[in-house]
Amino acid sequence: MEWNEKSDLFFSCVRCSRRYPVQHVRYTCECGGLLDLQRDFSRLKADELLSKWESRWGAKRGAEASGVWRYKELVIDLPDSQIVSKMEGNTRLYPAGRAADYAGLERFMLKHEGENPTCSFKDRGMTCGVTAAKIYGANCVACASTGNTSASMAAYAATCGMKSLIFIPSGKIAYGKLAQVLAYGGMTFQIEGNFDDAMELVQKICSELGIYLLNSINPFRLEGQKTICFETLQQLDWEMPDWFVVPGGNLGNNSALSKALMELHQIGIIRKIPRIAVVQAHGANPLYKMWKEKKNFEPLKNPETIATAIKIGNPVSWEKSLRGIEWSKGVVEEVTEQEIMDAKAILDSAGIGAEPASCCSVAGAKKLVESGVISKKDFVVGILTGNMLKDPDAIIDYHNDRLRDQGIIGRYANRPIKIKADVNEVRKVLGL
Ligand SMILES: *Cc1c(COP(=O)(O)O)cnc(C)c1O
Ligand SMILES: [Zn+2]
């Protein structure tokens with residue numbers, strides 16, 4: 001398979017605007033800048049797109065039944081036969097319930113990206129990344145990751161019979177994610193060294209062995225991640241929220257969100273621009289620091305947080321991210337370990353549930369309401385990036401109040417109750 005020579009897609013450098021054809025594999029610009037995918041918007045008409053997307057809503061099979069490829073005019077416009085899809089997306093948009101009261105918001109909705117095929121939003125990007133790999137003729141893909149990216153990549157590679165290589169740095173990794181990688185058949189290399197070492201190694205391997213790289217620098221992944229925004233807005237019948245609140249690690253997700261909004265705005269589908277709030281964990285907060293202290297970006301040496309999905313000191317996409325936050329008149333916030341896990345306890349007990357990193361959306365919204373940046377009356381959409389069962393250890397430890405050595409108190413702990421097998425004992429506990 002090959003790229004259609006007439007494809008209107010091209011790579012464009014975010015730093016120097018230099019363009020490259022999409023037909024040749026490329027991850028970064030000669031100047032070292034990241035690449036964006038851009039296209040010619042002049043042929044896209046707002047009305048036509050909206051009616052196409054509406055007509056595909058509820059499709060039962062094939063690429064149109066995917067919550068990514070439903071929007072293929074703004075993703076990659078390909079024939080169905082070229083697409084590697086698991087009908088990803090189509091995730092629910094929940095009223096936040098208890099979590100809305102907790103955040104102090106009258107209208108708070110949560111887009112649950114943990115309901116994707118491998119249980120995180122990474123599937124939206126991966127369907128595009130692996131589709132691109134297939135078109136480039138790759139039979140092997142690789143990434144350095146401690147989590148959801150590797151689980152997703154292993155699954156999509158398995159779907160189309162590709163080999164996948166995963167490089168895991170030493171240190172803590174959430175059990176659900178590692179289990180998925182092994183189960184999907186990803187070849188897993190545990191290396192000595194940190195995430196940056198793993199990243200350097202995988203880039204060398206890809207260029208020397210002709211393997212397709214699916215780390216965060218891959219520009220196709222962001223195109224798929226834009227559809228979180230498209231799908232949320234379609235679920236709202238294009239009513240615009242005042243805010244999107246999203247956790248920030250490598251900062252690809254919020255970059256995709258702002259790119260999606262920019263494109264909808266450019267085509268004339270939306271007029272009002274929601275503001276973007278990116279929330280980082282205090283122990284992994286390089287973007288927050290830069291924002292708060294108004295200085296140059298500086299990577300953080302030893303990031304630490306229980307929210308392992310955002311434990312990143314040197315986020316790849318910070319330039320793209322910043323561009324989008326500024327454009328949307330957005331903000332950057334940070335939350336503590338305690339704030340993350342308390343928000344998680346509330347969100348989980350609302351019957352919704354998500355992994356720790358996702359709970360930055362709830363904890364961050366609460367903090368921004370308290371400081372008056374977000375008004376109580378604002379309509380806020382929070383993005384829940386990953387499923388609750390990705391990290392069962394964090395849940396069990398919190399509810400047994402076993403995280404004190406990490407400075408986290410089980411404030412809303414729901415402890416298991418030990419009793420003898422006796423009706424009267426249950427009666428006593430229930431106060432009957
Ligand atoms: C990847 C990931 C994030 C961080 O997204 P970025 O695009 O790296 O900012 C947050 N939460 C979960 C569950 C993730 O898997
Ligand atoms: Zn450049």
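Because the structure is a prediction, the values reported are computed rather than measured. For ligands, and for the atoms within them, numbers begin at 1 and follow the listed sequence. Just the heavy atoms: all of them, side chains too, but no hydrogens, waters or symmetry mates, feed the values below.
At least one N or O atom of N148 sits closer than 3.5 Å to an N or O atom of ligand 1. For S358, no nitrogen or oxygen atom sits less than 3.5 Å from a nitrogen or oxygen atom of ligand 1, counting backbone and side chain alike.
Short contacts between ligand 1 and N250, defined as distances under 4.0 Å to a heavy atom of the residue, involve ligand atoms 6 (P), 8 (O), 9 (O). Of all atoms in ligand 1, numbered sequentially from 1 with element shown, those under 4.0 Å from a heavy atom of G386 are 13 (C). For ligand 1, the atoms closer than 4.0 angstrom to any heavy atom of A357 are 11 (N). Near F121, meaning under 4.0 Å from one of its heavy atoms, ligand 1 places the atoms 1 (C), 2 (C), 3 (C), 5 (O), 7 (O), 14 (C). With ligand atoms numbered from 1 in the order given, ligand 1 contributes 6 (P), 7 (O), 9 (O) to contacts under 4.0 Å with heavy atoms of G252.
Listed by chain and residue number, the protein N/O/S atoms under 2.8 Å of the Zn ion (ligand 2) are C13 SG, C16 SG, C29 SG, C31 SG, with waters left out.
In this structure, G248 counts as a contact residue of ligand 1, since one of its heavy atoms falls inside 4.0 Å of the ligand.
Looking at atom 7 (O) of ligand 1, its nearest protein heavy atom turns out to be N253 N, 2.7 Å. At the top of the distance list for atom 11 (N) of ligand 1, counting protein heavy atoms only, stands T385 OG1, 2.7 Å.
Rounding to the nearest 0.5 angstrom, the gap separating the OH atom in Y398 from the CE atom in M341 is 7.0 Å.
When the shell of 6.0 Å around CE of M87 is examined, it contains 12 or fewer heavy atoms from other residues, nucleotides or ligands. The number of heavy atoms from other shown groups lying within 6.0 Å of NZ (K301) does not exceed 12.
Here E355 has side-chain heavy atoms under 4.0 Å from ligand 1, and that is the only part of it that gets that close. Only the side chain of I310 comes within 4.0 Å of ligand 1, counting heavy atoms alone; its backbone N, CA, C and O stay farther away.
R275 has no carboxylate O lying under 4.0 Å from a charged side-chain N of D242, or vice versa, which leaves the two without a salt bridge. The existence of a salt bridge linking R70 and E231 is confirmed by a sub-4.0 Å separation between a basic side-chain nitrogen and an acidic carboxylate oxygen. Salt-bridge check for K86 with D123: failed, with every basic side-chain N at 4.0 Å or more from each acidic carboxylate O. Between E334 and K367 there is no salt bridge, since no side-chain N of the basic residue sits under 4.0 Å from a carboxylate O of the acidic one.
Annotation: cation-pi geometry not satisfied between R26 and F11 (NZ/CZ under 6.0 angstrom from ring centroid, within 45° of ring axis). Both tests hold for K366 against Y102: distance to the six-membered ring centre under 6.0 Å, angle to the ring axis within 45°.
Residue K122 holds the heavy atom nearest to atom 15 (O) of ligand 1 of all those in R221, K122, Q280, E113.
Between Y212 and Y136, a ring centre-to-centre spacing shorter than 6.0 Å is recorded.
When each of L37, L214, L35 is checked for a side-chain contact (heavy atoms from CB on, under 4.5 Å) with F220, only L37 meets the rule.
When only modelled atom types and interatomic distance are considered, E113 and S120 share no side-chain donor-acceptor pair under 3.5 Å.
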